[in-house]
Enquirer: 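Here's a structure for you.
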Amino acid sequence: MTATIEQTGPATSVGEVPTFEVTLRVRRFLPEGPRGDESYWDDHVLTMHGTDRVLDALHKIKWEQDGSLTFRRSCAHGICGSDAMRINGRNRLACKTLLKDLDIRKPITVEPIKGLPVIKDLVVDMEPFFASYREIMPFLVTSGNQPSAERIQSPEQRAVYDDTTKCILCAACTSSCPVFWTDGQYFGPAAIVNAHRFIFDSRDEAATQRLEILNDKEGVWRCRTTFNCTEACPRGIEITKAIAEVKRAMITRAF
Amino acid sequence: MQTHQYDVVIVGAGGAGMRAALESSTRARTAVISKLYPTRSHTGAAQGGMCAALANVEEDNWEWHTFDTVKGGDYLVDQDAAEVMAKEAIDAVLDLERMGLPFNRTPEGKIDQRRFGGHTRNHGEAAVRRSCYAADRTGHMILQTLYQNCVKNDVEFFNEFYVLDIILDKDLAHEDVPEGEPVSVAGVVAYDLATGEIHVFRAKSVILATGGAGKIFKTTSNAHTLTGDGMALALRRGLPLEDMEFFQFHPTGLAGLGILLSEAARGEGGILRNGDGERFMERYAPTIKDLAPRDIVARSMANEVREGRGAGPNKDYVLLDLTHLEPAHIDAKLPDITEFARTYLGIEPYTEPVPVYPTAHYAMGGVPTNITTEVLRNNTDVVRGLYAAGEVACVSVHGSNRLGTNSLLDINVFGKRAGVAAAEYAASAAFVDMPDDAAAGTIAELEAMRSRPDGERVADLRRELQESMDRGAQVFRTEASLTETLAVVKDLQKRYGRVSVQDKGRLFNTDLLEAVELGFLLDLAEVVVVGALERKESRGGHFREDYPDRDDANFMVHTMAYRRGDAAAADAAGIPPHEIRLEPKPVVVTRYQPMERKY
């Protein structure tokens, strides 16, 4: 159990959801273990509380039953992006998914996100994901002398790219994309989201270069508009819309 | 084992570490070692803003900001450091804007500013709009912007590497090194989580930027990973820790969960109410009410609950009321925190007040530094080549209570200073010899925990520690509560010598690292409690019910805590006996003499 949710006082009284039993069915992969490179399902029956999240259930297993269960986590409230997982077949953050919002009559399945190499249990190699991110020039590019005060940007200009500034690089979107699963070269939605964040920033001067990068055969045109990414995003970013805006900008060069 | 050599090694990739890296990487060969991917760092969880007297929306100046910082810290702030921070705040904000940070804007397109607790016009007349912000995800935007610029500058990262030792050329933990005698840093020892391999980094300069230690408490806004690593490593190597008894309890944690709801909620007009619906802060801080500094608000809330005026079925929290605000205004300015209330408590903040209670939030104390961020080994001598910035450090700009937004400011101002200073030092200094067996102690410790077949469980010890700290060393403290907690901590330290982990593997062994982190927490909890016992007064975040007044005659000094061990006298579990020694360090007073603190 996490240190922050164990209180029996207000937490249980606020939610007023009683204690319940739930089975967590976790996809295990322990290359150093007796089963080697074979991955397998592992069931744990747990007693949990109303405000508990999937992350709390994973911690309960790790801290009380099986210390070898391995997953990443840090902030535990949906802002650091460490714990994207496939929960009941959908990509979500374990720390933002309340158990009571799932169907607890059936086992809850927890698997690593797809399309990235699994290192151990729920931990995947994030390097290919960050490599795509780095390729799209995810930083402000300007020329000339720095102004002595701030650059001027109207609230309206800022609003154009507000949605895509919310990205926490958790990879829930990219690893939910069927194109990414079958073609590891595809930039993936997260990289396009972060390109969008700068392409539509009125202060930036490198939109053309970014659009050329994304015009590549592994770029935005691979998107099949399945909306998986938008559904997966724990930050509520309208990713498919952002990708469409990038596509449109590529055609019209209007940005 | 692998060895590396860099001019500058930065430990930690949150705001302070990456701000430092942006400076040092252009001047010297730099590596950043981080136990997380940089964008996972807890800077990203900061919400409300970063104060700077830009005066974009109303009259303001850095001197008022300095005064507020000093008064907010209940006069334990080093005033030269506060002045540096308030002056350099303006460039720190502008630097971030130029790097691309998407600040909210005024209608004229300038950086917008809003009110925040303890930040006032003309020395306390009224709340002032000083906080520069990006909705309620300012920390997220700072972390992202700094990482983006690290990508741009091709900064070299070692991600998911845990630094487990700092190597100095003198053994300060066991030997008396006279004042004035030079002591230098040689490098660090790190553990690669993915492979389990040990890496030794030789460096001319080392910057500690490992963040805070909130996990010594149970109810906390801090990430699981905030285990005070840098502070504990310094302590174990014989360096002092300053003012560790001062811990900030943020008033508005989601009740029962501790998840932070930004002070910006009150900056934007939110009101705290008790179970009777009364706006109780009018009684405690008649001038600025809900925007009083955090220590005062947290204590007032706890007092309402204690005196039976709490809300809810158990009357054990108070309410943050946003229902009088326009939903559109809430969506524009506070989208994330209102979502937290919906996600985690099922509360709709448009129409229902949100249950809140204080949550352990920020360590005012840490590794002592001067204003150039050089680490002090006593009241005057620096360790050559060793720097610290951000929450791990104590400059001291926060004194006994940090003002809201001053942490994001601290990491930017002093992170930048650390990066510049470390690189400049490396340009003229030589490498210090690294002993061949530099990693031997670390390896032995890890192997002992990994190979111990059966023993104490990490999670049990950690829970007992956290519960005891919440019981005895939280918002209200007494001699009795602290004494009891200290006994628990001491006992847990003994039991820690018998800790074993279930995961015996080499690859990605987070079980093992949680055990290491627990050791850090136990070390630091002891220093917090010993300092709190000894400080027989109430000041800022440290409130002693048995000594409810500030006592400037005896305690207008910083606490320097040293730990000395006797390795030869280790007990059966291999734990050397040690003692915490406390010494005073004068507060730097320049412009402002201590006054009674009223709001």
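When reading the values below, keep in mind they use all heavy atoms of this one structure, side chains included, and skip hydrogens, waters and symmetry mates. Just so it is clear: chains get the letters A, B, ... in the order the sequence lines come, proteins before strands, and each one is counted from 1.
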Enquirer: In terms of heavy-atom proximity below 4.5 Å to chain B, should Met126(A) be classed as side chain, backbone, both, or neither?
Expert: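 It is both, since atoms from each part get that close.
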Enquirer: Examine whether an atom of Ile168(A) lies under 4.5 Å from a heavy atom of chain B, and if so say whether it belongs to the side chain, the backbone or both; otherwise answer neither.
Expert: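 It is both, since atoms from each part get that close.
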Enquirer: With a 4.5 Å cut-off on side-chain heavy atoms, are Phe71(A) and Asp121(A) touching?
Expert: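 With C-beta onward as the side chain, the pair stays apart.
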Enquirer: Suppose we call two aromatic rings close when their centres sit under 6.0 Å apart. Are His77(A) and Phe340(B) close by that rule?
Expert: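 Close enough - the centres of the two rings lie under 6.0 Å apart.
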Enquirer: Specify which of Val501(B), Leu226(B), Leu94(B) makes the most heavy-atom pairs with chain A at under 4.5 Å.
Expert: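 Top count of heavy-atom pairs under 4.5 Å with chain A: Leu94(B).
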Enquirer: Is Met141(B) in contact with chain A via its backbone, its side chain, both, or neither, using a 4.5 Å heavy-atom distance?
Expert: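 Contact with chain A: side chain only.
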Enquirer: In terms of heavy-atom proximity below 4.5 Å to chain A, should Ile111(B) be classed as side chain, backbone, both, or neither?
Expert: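 Ile111(B) touches chain A through backbone and side-chain heavy atoms alike.
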Enquirer: Side chains of Ser221(B) and His250(B): donor-acceptor distance under 3.5 Å anywhere?
Expert: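 Checked: Ser221(B)/His250(B) side chains show no N/O donor-acceptor pair below 3.5 Å.
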Enquirer: Check whether any side-chain N or O of Lys60(A) sits under 3.5 Å from a backbone N or O of Leu46(A) as a donor-acceptor pair, and report yes or no.
Expert: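 Such a contact is absent between Lys60(A) side chain and Leu46(A) backbone.
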Enquirer: Using non-hydrogen atoms and a 4.5 Å limit, figure out which bit of Lys120(A) sits close to chain B: side chain, backbone, both or neither.
Expert: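 Looking at Lys120(A), just its side chain touches chain B.
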Enquirer: Return the CE to OG1 distance between Met469(B) and Thr219(B), rounded to the nearest 0.5 Å.
Expert: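 Taking CE in Met469(B) and OG1 in Thr219(B), the distance rounds to 12.0 Å.
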Enquirer: Taking every heavy-atom pair that is under 4.5 Å apart, which of Leu98(A), Thr142(A), Thr97(A) has the most such pairs with chain B?
Expert: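 The option with the most such pairs is Leu98(A).
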Enquirer: For the candidates Ala360(B), Ala45(B), Gly346(B), which exhibits the highest count of non-hydrogen atom pairs separated by less than 4.5 Å from chain A?
Expert: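 So the answer, after comparing Ala360(B), Ala45(B), Gly346(B), is Ala45(B).
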Enquirer: Answer whether the closest heavy-atom distance between the side chains of Ile237(A) and His196(A) falls below 4.5 Å.
Expert: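 Not in contact.
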Enquirer: I need the residue from Ala135(B), Pro102(B), Pro107(B) with the largest number of non-hydrogen atom pairs under 4.5 Å to chain A.
Expert: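 Highest number of heavy-atom pairs under 4.5 Å: Pro102(B).
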Enquirer: Measure Arg203(A) against the heavy atoms of chain B and call it side chain, backbone, both or neither at under 4.5 Å.
Expert: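 The answer is the side chain of Arg203(A).
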Enquirer: Do side-chain atoms of Thr138(B) reach the backbone of Gln47(B) as a donor and acceptor pair under 3.5 angstrom?
Expert: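 Here the side-chain-to-backbone pair exists.
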Enquirer: Check for a donor-acceptor pair, side chain of Arg40(B) on one end and backbone N or O of Cys80(A) on the other, with a separation under 3.5 Å.
Expert: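 Judged by distance alone, yes, a pair lies under 3.5 Å.
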Enquirer: Within the side chain of Glu32(A), is there an N or O that forms a donor-acceptor pair under 3.5 Å with the backbone of Leu507(B)?
Expert: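 A pair under 3.5 Å: yes.
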Enquirer: Where does Phe103(B) contact chain A at under 4.5 Å (heavy atoms): side chain, backbone, both or neither?
Expert: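 Backbone only.
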Enquirer: Heavy-atom pairs under 4.5 Å with chain A are the metric here; pick the option from Leu96(B), Leu101(B), Leu143(B), Ile90(B) that has the most.
Expert: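 Looking at each option in turn, the highest pair count goes to Leu101(B).
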Enquirer: Any sub-3.5 Å donor-acceptor pair from His140(B)'s side-chain atoms to Thr165(A)'s backbone N or O?
Expert: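 The answer is yes, because a donor-acceptor pair under 3.5 Å joins these two groups.
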Enquirer: Side chain from CB out, backbone as N, CA, C, O: work out which of these in Arg137(B) comes under 4.5 Å of a heavy atom of chain A, or both, or neither.
Expert: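 The answer is the side chain of Arg137(B).
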Enquirer: Please classify the contact between Arg158(A) and chain B as side chain, backbone, both or neither, with a heavy-atom cut-off of under 4.5 Å.
Expert: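 For Arg158(A), side-chain heavy atoms alone lie under 4.5 Å from chain B.
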Enquirer: Using heavy-atom distances under 4.5 Å, tell me whether Leu169(A) contacts chain B through its side chain, its backbone, both, or neither.
Expert: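 For Leu169(A), the contact with chain B is made by backbone and side chain together.
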Enquirer: Counting a contact as any heavy-atom pair under 4.5 Å apart, which residues of residues 148-156 of chain B contact chain A?
Expert: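 Near chain A, by residue number: Gln148(B), Val151(B), Lys152(B).
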Enquirer: Taking Arg151(A) for the side chain and Glu97(B) for the main chain, is one N or O donor matched with an acceptor at less than 3.5 Å?
Expert: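 No, the answer is negative, given that no donor and acceptor are paired below the 3.5 Å cut-off.
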Enquirer: Are Tyr37(B) and Phe129(A) side-chain neighbours, meaning at least one heavy-atom pair lies under 4.5 Å?
Expert: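 No, too far: nothing below the 4.5 Å cut-off.
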Enquirer: For the pair Thr174(A) (side chain) and Ala171(A) (backbone), establish whether a donor and an acceptor sit closer than 3.5 Å, ignoring hydrogens and angles.
Expert: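 Not at all, since once roles are kept as given, no pair shorter than 3.5 Å links the two residues.
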Enquirer: So what's closer than 4.5 Å to chain B heavy atoms on Glu127(A): side chain, backbone, both or neither?
Expert: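 Contact with chain B is through both the backbone and side chain of Glu127(A).
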Enquirer: So which of His42(B), Glu514(B), Gln144(B), Glu339(B) has the biggest tally of heavy-atom pairs under 4.5 Å with chain A?
Expert: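 Ranked by heavy-atom pairs under 4.5 Å with chain A, first place is Glu514(B).
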Enquirer: Under 4.0 Å between a side-chain nitrogen and a carboxylate oxygen: does that hold for Asp163(A) and Lys241(A)?
Expert: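 Answer for the salt bridge query: no.
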Enquirer: With a 4.5 angstrom heavy-atom cut-off, is it the side chain or the backbone of Leu36(B) that approaches chain A, or both, or neither?
Expert: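 Answer is side chain: those atoms of Leu36(B) sit under 4.5 Å from chain A.
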Enquirer: Does any backbone or side-chain atom of Asp162(A) lie under 4.5 Å from a heavy atom of chain B? Answer side chain, backbone, both or neither.
Expert: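 Interface part for Asp162(A): both.
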Enquirer: In terms of heavy-atom proximity below 4.5 Å to chain A, should Arg457(B) be classed as side chain, backbone, both, or neither?
Expert: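 The side chain, not the backbone.
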Enquirer: Pick from Val123(A), Asp125(A), Leu69(A), Asp201(A): which one has the most heavy-atom pairs with chain B under 4.5 Å?
Expert: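 With the most close heavy-atom pairs to chain B, the winner is Val123(A).
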Enquirer: For Asp91(B), which atoms come within 4.5 Å of any heavy atom of chain A: side chain, backbone, both, or neither?
Expert: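 No part of Asp91(B) comes within 4.5 Å of chain A.
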Enquirer: Which bit of Gln65(A) is near chain B, if near means a heavy-atom gap under 4.5 Å: side chain, backbone, both or neither?
Expert: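 Interface part for Gln65(A): backbone (N, CA, C, O).
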Enquirer: Could you check if a side-chain atom of Phe130(A) sits within less than 4.5 angstrom of a side-chain atom of Asn159(B), using non-hydrogen atoms only?
Expert: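 Result no, sub-4.5 Å side-chain heavy-atom pair not found.
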Enquirer: Is there a donor-acceptor pair under 3.5 Å between the side chain of Asp470(B) and the backbone N or O of Lys218(B)?
Expert: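 Yes; at least one donor-acceptor contact below 3.5 Å.
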Enquirer: Report which part of Glu108(B) has an atom under 4.5 Å of a heavy atom belonging to chain A: side chain, backbone, both, or neither.
Expert: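 The backbone, not the side chain.
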Enquirer: Under the criterion salt bridge (Lys or Arg N to Asp or Glu O under 4.0 Å), I'd like the reasoning laid out for Arg28(A) against Asp66(A): C-alpha separation, chi angles, the key distance, then a yes or no.
Expert: CA-CA 12 Å; Arg28(A) 304 296 306 269; Asp66(A) 181 356; 3.0 Å; yes
Enquirer: Examine distances only and state if a side-chain atom of Lys504(B) and a backbone atom of Ser68(A) form a donor-acceptor pair shorter than 3.5 Å.
Expert: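 A pair under 3.5 Å: no.
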Enquirer: Ignoring hydrogens and angles, state whether a donor on the side chain of Ser74(A) or Thr225(B) is under 3.5 Å from an acceptor on the partner side chain.
Expert: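 Judged by distance alone, the side chains do pair up.
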Enquirer: Using a cut-off of under 4.5 Å on heavy-atom pairs, state which of Val458(B), Asn104(B), Asn509(B), Thr43(B) scores highest against chain A.
Expert: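 Highest number of heavy-atom pairs under 4.5 Å: Asn104(B).
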Enquirer: Between Asp136(B) and Asp336(B) (side chain of the first, backbone of the second, donor and acceptor by atom type, cut-off under 3.5 Å), is there such a pair?
Expert: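 Side chain of Asp136(B) to backbone of Asp336(B), a donor-acceptor pair under 3.5 Å: yes, one is there.
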Enquirer: Would you mind telling me which of Ser82(A), Gly78(A), Ala159(A) has the largest number of heavy-atom pairs within less than 4.5 Å of chain B?
Expert: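 Ranked by contacts with chain B, first place is Ser82(A).
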Enquirer: For Leu512(B), is it the side chain, the backbone, both, or neither that has a heavy atom closer than 4.5 Å to a heavy atom of chain A?
Expert: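 Contact with chain A involves no heavy atom of Leu512(B) at all.
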Enquirer: Quick check on Pro335(B) against chain A: is it the side chain, the backbone, both or neither that has a heavy atom closer than 4.5 Å?
Expert: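 For Pro335(B), neither part sits under 4.5 Å from chain A.
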